[in-house]
Amino acid sequence: MTAVFEPGAKMKPAEFQQEYGCSANTVRDVLLRLSKVGLVEFEMQRGFRVTQTSRERRRDVTQFRILLEQEGATQSMVRGGLPWEAALTATHHKLSHIETKMARDAQPKTYVGLWSDAEYEFHETLISACGSPLLMETYANIYVQFRQQMVSQARDFGEDYFRAIIAEHQAILDAALARDAEACRTAIYDHLKRNLQV
């Protein structure tokens, strides 16, 4: 998800065995699980490779993420109470803090792992009160594919980029806390629409 491995790179189980000190069966099991969520591709006789990226794939994953997140957020605004609001506010505060640091740092890529975790935590909390375990599970799988596609692009993570992202996350939070479903759906779309360009 953080683009440590290049798209299309061959995944070598023997190297992972040594690096993580585990058995060949464990490595193979993990790689098969990653293939089920779309982060790794498996071909008989050829092994495992990191999933390729493309504009078309990014667009498709982004569209599906938008649909799931809009629906999950809408249902969460109906069902979520004060604990949901508090959790959403807390995860947003953490995310905003990390993004502000990244905007000011000359080497923001050193924070990509931390940022990825915080970004997922905020968006997952946004839909967490939706009442549908299936929507949550599907969203988690689509989110990791989206993140892999997005982070693997060569992108300038500069101050302007993060200024826009910080404002977008704030708009999502404000709409959700106001229980304004239409504004929240629009804010989610506005946050993700840059990834729809083919």
Side-chain angles (χ1 to χ4, degrees), residues 1-2 37-38 58-105 108-151 153 155-197:
M1 273 175 46
T2 57
V37 297
R58 193 164 44 255
R59 180 182 176 85
D60 194 28
V61 170
T62 300
Q63 284 179 316
F64 198 32
R65 178 181 166 188
I66 290 169
L67 290 173
L68 291 169
E69 193 163 327
Q70 287 176 330
E71 184 58 27
T74 299
Q75 292 304 313
S76 290
M77 283 183 274
V78 171
R79 298 167 176 264
L82 186 58
W84 171 73
E85 290 181 3
L88 186 61
T89 303
T91 58
H92 176 265
H93 179 76
K94 177 179 171 182
L95 176 60
S96 181
H97 178 71
I98 293 167
E99 289 174 335
T100 300
K101 286 192 81 68
M102 289 179 82
R104 294 178 184 154
D105 198 299
K109 289 193 177 184
T110 59
Y111 297 100
V112 167
L114 194 60
W115 174 44
S116 292
D117 292 345
E119 220 253 358
Y120 175 71
E121 190 179 0
F122 171 70
H123 288 280
E124 191 240 5
T125 303
L126 176 66
I127 67 170
S128 64
C130 70
S132 172
L134 183 57
L135 188 148
M136 295 289 295
E137 180 184 334
T138 306
Y139 180 81
N141 289 342
I142 290 300
Y143 181 89
V144 295
Q145 290 181 49
F146 168 86
R147 197 75 183 174
Q148 182 188 51
Q149 291 283 318
M150 190 275 286
V151 174
Q153 297 178 79
R155 185 174 285 196
D156 175 23
F157 291 116
E159 189 172 345
D160 289 341
Y161 176 82
F162 281 105
R163 190 176 297 122
I165 295 290
I166 290 166
E168 291 162 13
H169 283 138
Q170 185 66 55
I172 292 169
L173 175 70
D174 292 345
L177 294 179
R179 309 295 173 127
D180 186 336
E182 196 54 45
C184 192
R185 294 175 82 87
T186 299
I188 289 167
Y189 177 81
D190 288 345
H191 174 52
L192 296 169
K193 68 184 178 185
R194 68 177 60 84
N195 300 288
L196 294 172
Q197 305 304 317

> So, for A175 and M77, which heavy atoms are closest and what is the spacing to 0.1 Å?
Replying inline: O-SD, 3.9 Å

>> Using the ring-ring contact (aromatic ring centres under 6.0 Å, His included) criterion, which residues pair with H191? Sequence neighbours excluded.
In response: H123, H169

>> Return the CH2 to CE distance between W115 and M102, rounded to the nearest 0.5 Å.
In response: 5.5 Å

>> side-chain contact (heavy atoms from CB on, under 4.5 Å), that's the test. Do Q145 and D60 meet it? Break it down for me.
In response: CA-CA 10 Å; Q145 290 181 49; D60 194 28; over 6 Å; no

> Could you give the distance from CG (L67) to OG1 (T138), rounded to the nearest 0.5 Å?
Replying inline: 12.0 Å

> What are the two closest non-hydrogen atoms of F146 and L192, and how far apart are they?
Replying inline: CZ-CD2, 3.7 Å

> Which pair of heavy atoms, one from I172 and one from C184, lies closest together, and at what distance?
Replying inline: O-SG, 4.2 Å

> Which atom names give the shortest non-hydrogen contact between S128 and T125, and what distance separates them?
Replying inline: OG-O, 2.7 Å

>> Show, in sequence, the C-alpha distance, side-chain angles and deciding distance for F162 and T100, and conclude whether the side-chain contact (heavy atoms from CB on, under 4.5 Å) test is met.
In response: CA-CA 7 Å; F162 281 105; T100 300; over 6 Å; no

>> Under the ring pair (Phe, Tyr, Trp, His ring centres under 6.0 Å) definition, can you give me all pairs with a residue in residues 82-101, not counting sequence neighbours?
In response: H92-F122

> To the nearest 0.5 Å, what is the distance between NZ (K193) and CG (N195)?
Replying inline: 12.0 Å

>> Return the CD1 to CD1 distance between I66 and I142, rounded to the nearest 0.5 Å.
In response: 12.0 Å

> Below 4.5 Å, heavy atoms only, C-beta onward: do E71 and C130 meet side chain to side chain?
Replying inline: no

> Can you find a side-chain donor-acceptor pair between D174 and Q170 that sits under 3.5 Å?
Replying inline: yes

> Side chains of E69 and Y139: donor-acceptor distance under 3.5 Å anywhere?
Replying inline: yes

> Say you draw a straight line from CD1 of I188 to CZ of R185; how long is it, rounded to the nearest 0.5 Å?
Replying inline: 7.5 Å

>> Could you measure the distance from the OG1 atom of T74 to the CD1 atom of I127? Nearest 0.5 Å is fine.
In response: 11.0 Å

> Would you say the side chains of Y143 and E119 form a donor-acceptor pair under 3.5 Å?
Replying inline: yes

>> Under the criterion side-chain contact (heavy atoms from CB on, under 4.5 Å), I'd like the reasoning laid out for F64 against N141: C-alpha separation, chi angles, the key distance, then a yes or no.
In response: CA-CA 11 Å; F64 198 32; N141 289 342; over 6 Å; no

